[in-house]
Amino acid sequence: MNKIVSFAVLLLGLAPIAAAEAPDPMAEGLKDVERFHVLLERIQYEQSSLRSLEAQFTLVQESEMLESSEELAGQLLFSAPEQIRWEYLQPKPLSVVINGDEMLTWYKDLGRAETMRVGRYSDRILRYFNATNSLESLLEYFEARVRILGGEEGTHRIQLLPKYKRIAKRITSIVLWIHPETYLPARVRIEAADGGVSDYRFQEMKVNVEIPDGSFDLTLPEDVEIHAVDLSSAAK
């Protein structure tokens with residue numbers, strides 16, 4: 001499965017909540033369990049107002065197929081409700097654009113592109129960004145371990161461990177580092193049961209900024225070879 005799709009499928013997203021003001025997980029007097037639930041509410045609160053996002057990212061991948069870890073870097077753009085663009089700049093140029101249930105991947109160094117109808121995978125990708133699904137559904141399958149303002153640069157750390165063997169056969173751990181100001185993921189680390197690791201880090205994150213027109217248009221040169229792939233049946 002395309003690594004962009006597999007990453008987003010695992011992160012099911014956060015639902016909007018009705019709140020007059022932003023919940024404060026650092027409020028005095030909260031017990032540990034209460035503080036965790038308030039943290040989730042605050043993440044949901046911020047996610048519900050997310051209209052656009054721009055960020056730089058790095059992705060470090062480890063697997064048995066690689067002699068050493070591989071690092072990729074690029075830019076992420078999102079515009080609600082259904083547009084996403086991953087622009088990989090290093091080490092090889094690669095563009096991935098998602099519009100609704102269609103995804104276009106352009107391997108620039110190979111002169112080749114793939115179009116996919118990603119079906120329900122697209123729904124799950126977009127749920128992560130536009131907050132149309134609840135984190136509670138993820139917690140039905142994973143046990144959460146939380147450290148408030150711990151770890152890297154004071155970020156809140158949420159580790160998700162599978163409750164069931166059928167989940168553990170694919171994923172051993174998902175760790176999210178939540179930025180204490182934006183309450184969006186600053187880092188996401190996914191550890192697969194086969195030993196593979198995908199570690200995303202987001203920097204220079206800009207929330208609800210104006211995304212220029214045409215940012216999600218991908219015009220391919222005439223000599224690019226295009227292949228069509230259908231994932232809809234696999235998602236059912």
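The salt bridge (Lys or Arg N to Asp or Glu O under 4.0 Å) check on Arg85 picks up Glu87, with sequence neighbours excluded. Here Asp24 pairs with Met26, Ala27 under the side chain to side chain contact (heavy atoms under 4.5 Å, CB included) rule; sequence neighbours left out. In terms of the side chain to side chain contact (heavy atoms under 4.5 Å, CB included) criterion, residue partners of Glu225 (sequence neighbours excluded) are, by chain and number, His227.
Ring orientation note: the planes of Tyr183 and His156 are close to parallel, at an angle under 30° on the 30°/60° scale. Below 30°, between 30° and 60°, or above 60°: for Phe202 and Phe57 the angle between ring planes is between 30° and 60°, a tilted geometry.
Inter-residue side-chain proximity for Thr172 and Pro162 is flagged as unmet; no heavy-atom pair is nearer than 4.5 Å. Within the 4.5 Å cutoff, the side chain of Glu34 has heavy atoms near those of the Lys31 side chain. Considering only heavy atoms from C-beta on, Val207 comes within 4.5 Å of Leu184 through its side chain. Annotation: side chain of Leu77 is not in contact with side chain of Ile84 (no heavy-atom distance under 4.5 Å). Side-chain contact between Glu71 and Thr58: present, with at least one pair of heavy atoms (C-beta onward) separated by less than 4.5 Å. Ser69 is not listed as a side-chain neighbour of Gln61, based on a closest heavy-atom distance of 4.5 Å or more.
Under the 6.0 Å cut-off for aromatic ring centres, Phe142 and Tyr164 do not qualify, their centroids lying 6.0 Å or more apart.
Under a 4.0 Å N-O distance rule, the pair Glu191/Arg189 qualifies as a salt bridge.
For NZ of Lys163, the number of neighbouring non-hydrogen atoms (other residues, nucleotides, ligands) closer than 6.0 Å is greater than 12.
One N or O on the side chain of Asn208 and one on the backbone of Ser52 form a donor-acceptor pair closer than 3.5 Å. No donor-acceptor pair closer than 3.5 Å links the side chain of Arg187 to the backbone N or O of Trp177. Within the 3.5 Å criterion, the main-chain N or O of Leu30 finds a donor-acceptor partner in the side chain of Arg35.
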